[in-house]
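Everything on this sheet refers to the single structure shown next.
In listed order, ligands and their atoms are each counted from 1.
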Amino acid sequence: MNILIIGSGGREHALAYKLSQSTKLNNLFITPGNAGTANLGKNVLIDTSDFAAVANFVIDSYIDMIVVGPEAPLVDGIRDYFESKSELKHIKIIGPGKQGAMLEGSKNFAKEFMLRYNIPTASYFKLTKNNIKEGLKYLQTINPPYVLKADGLAAGKGVVILNNINEAENEIESMLNGKFGIAGKTVIIEQFLKGIEVSVFAITDGKNYCILPEAKDYKRIGENDTGLNTGGMGAVSPVPFADKEFIEKVEERIIKPTIKGLIKENIDYKGFIFFGLMNVDGNPYVIEYNVRMGDPESEVVLPRIKTDFIELFTACCNQKLNEIKIETDPRTVSTVMLVSGGYPEAYQKNKTIELPNNDKDCITFHAGTKFSGNNIVTNGGRVIAVSAFGNNIKDALKKSYQMAQKIKFENVYFRKDIGFDLK
Ligand code: AMP
Ligand code: GLY
């Protein structure tokens, strides 16, 4: 099978790593990819916002399947484009159509969907320019901290949490006035959920689903979960508190009703669903849906899946996931993200990276790298995710950190406390 992966991060490197383990793989292309994916397939440059350009490449290179890493092409309708053309219809795509992608593309859509199917989530108010008064009244009825979310995609920056009601009112005003562009024309005010976060993943064919290993992501730049939000500074899988009982609750209260809802609404969903959850006293609540795998969660979840990914993805496209069994490596995998100094604010690119030979049990996933001549240089804020297998969290992290310390580039930074809140 010939496969095209869309994306350039650690998640896409991890997808390429899993797909290249399959004996069924013929040619693998990644667009745009990074210096890590270049070792597993061929990086190609395609403007992926131009679906006709993607289609031309797919036809010319005899691609059988497209695996969409990030959300943007899904929200923009890449699946719908391929399904609408007779010459492209047969191409298999991992990722939902535009309608399914609304679960991530519109927080209001996701909230209304959860309400319709009784899926536990924080209570909320939908605020626009037309109901500001009622919205501000709602704000008075809830306790701080105040959670404010721009409805649309805002590059991971659309959630603001504030302790002070005046600050919250000002933030609502600036969101409505375009702080996040049209994404903020609708603002969701949400009740704050107190608990510990966990990410649970499933792959669905629109009818059947398989639950994948869960993970815990560390989003803040600073140790002890302080400072600005990032795309994710590290992750661990499995998550000890997400035990059998908890995952059963997630399946019964969240996953099953979500799939049922998709079926009821005739949303033909084929791809990953990422449930961003809060564990509130042992009960799971949905904070958000994503319609793709997480990053850096992929760098710990995917190495733990032993199932052949081409078989898994083919079954997903053929609505045969009921025939697939997810085989999981019982070991723990941790990942530590090496970022460029300054991230998530301004940072520099094009710094030469010194990569030593790999340690045993380690996988170095490239997140933001590229070739510059024969050198590998930084090409993003998040640069390299160092994943490692271990017998437990401590053991895995020890190996991730040993390797992380050997990777050098100017102004490298990483959190030293990944997993600090897990036993
Ligand atoms: P998101 O961009 O939706 O992932 O939200 C960013 C972060 O905000 C989440 O990872 C949570 O840590 C936090 N968050 C979002 N919604 C809530 C909520 N209702 N209660 C508490 N924390 C939240
Ligand atoms: N690590 C969080 C995400 O991928 O959205």
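Between the side chains of Lys18 and Gln21, at least one donor-acceptor pair of N or O atoms lies under 3.5 Å. Side-chain atoms of Ser49 and Asp47 form a donor-acceptor pair, as typed in the model, at a separation below 3.5 Å. In this model, no donor atom of one side chain and acceptor atom of the other lie less than 3.5 Å apart for Tyr401 and Ser334.
Using a 4.0 Å heavy-atom cutoff, Ile161 is listed among the residues neighbouring ligand 1. The shortest separation from a heavy atom of Gly232 to ligand 2 is not under 4.0 Å, leaving the residue out of contact. For the pair Ala235 and ligand 2, no heavy-atom separation below 4.0 Å is found. Heavy atoms of Arg292 approach ligand 2 to within less than 4.0 angstrom. A heavy-atom separation below 4.0 Å is found between Gln191 and ligand 1.
Numbered from 1 in the order shown, with element, the atoms of ligand 2 that lie under 4.0 Å from a heavy atom of Glu297 read 1 (N), 2 (C), 4 (O). Atoms of ligand 2 found under 4.0 Å from any heavy atom of Gly294, numbered from 1 in the order shown, are 4 (O). For ligand 1, the atoms closer than 4.0 angstrom to any heavy atom of Lys107 are 3 (O). Ligand-side atoms of ligand 1 in range of Lys219: 10 (O), range being under 4.0 angstrom from any heavy atom. Atoms of ligand 1 found under 4.0 Å from any heavy atom of Lys149, numbered from 1 in the order shown, are 15 (C), 16 (N). Set against the non-hydrogen atoms of Met278, the atoms of ligand 1 under 4.0 Å away are 21 (C), 22 (N). Those atoms of ligand 2 with a heavy atom of Gly231 less than 4.0 angstrom away are 1 (N), 2 (C).
Considering backbone and side-chain atoms together, Asn229 places no N or O closer than 3.5 Å to any N or O of ligand 1. Residue Lys219 places no N or O, backbone or side chain, under 3.5 Å from any N or O of ligand 2. Taking only nitrogen or oxygen atoms, main chain and side chain alike, Leu193 reaches within less than 3.5 Å of ligand 1. Taking only nitrogen or oxygen atoms, main chain and side chain alike, Phe274 does not reach within less than 3.5 Å of ligand 2.
Shown here for Ser20 and Leu25, the closest heavy-atom pair between the two residues is CA-CD2, 3.7 Å.
A distance-only check finds a donor-acceptor pair linking the side chain of Thr31 to the backbone of Val44 [under 3.5 Å]. No donor-acceptor pair under 3.5 Å is formed between the side chain of Arg304 and the backbone N or O of Glu214.
Within a 6.0 Å radius of NZ in Lys98, no more than 12 heavy atoms belonging to other residues, nucleotides or ligands are found.
A salt bridge does not link Glu288 with Lys149: every distance from a Lys NZ or Arg NE/NH1/NH2 to an Asp or Glu carboxylate oxygen is 4.0 Å or more. Ion pairing between a basic and an acidic side chain is recognised when a charged N comes within 4.0 Å of a carboxylate O; Asp205 and Lys207 show no such pairing. Salt bridge Asp225/Arg415: present, at least one basic N to carboxylate O contact under 4.0 Å.
Atom 2 (C) of ligand 2 has Asp217 OD2, 3.5 Å as its closest protein atom, hydrogens excluded (heavy atom only).
Under the 30°/60° scheme for interplanar angles, the aromatic rings of Phe113 and Tyr117 are found to be tilted.
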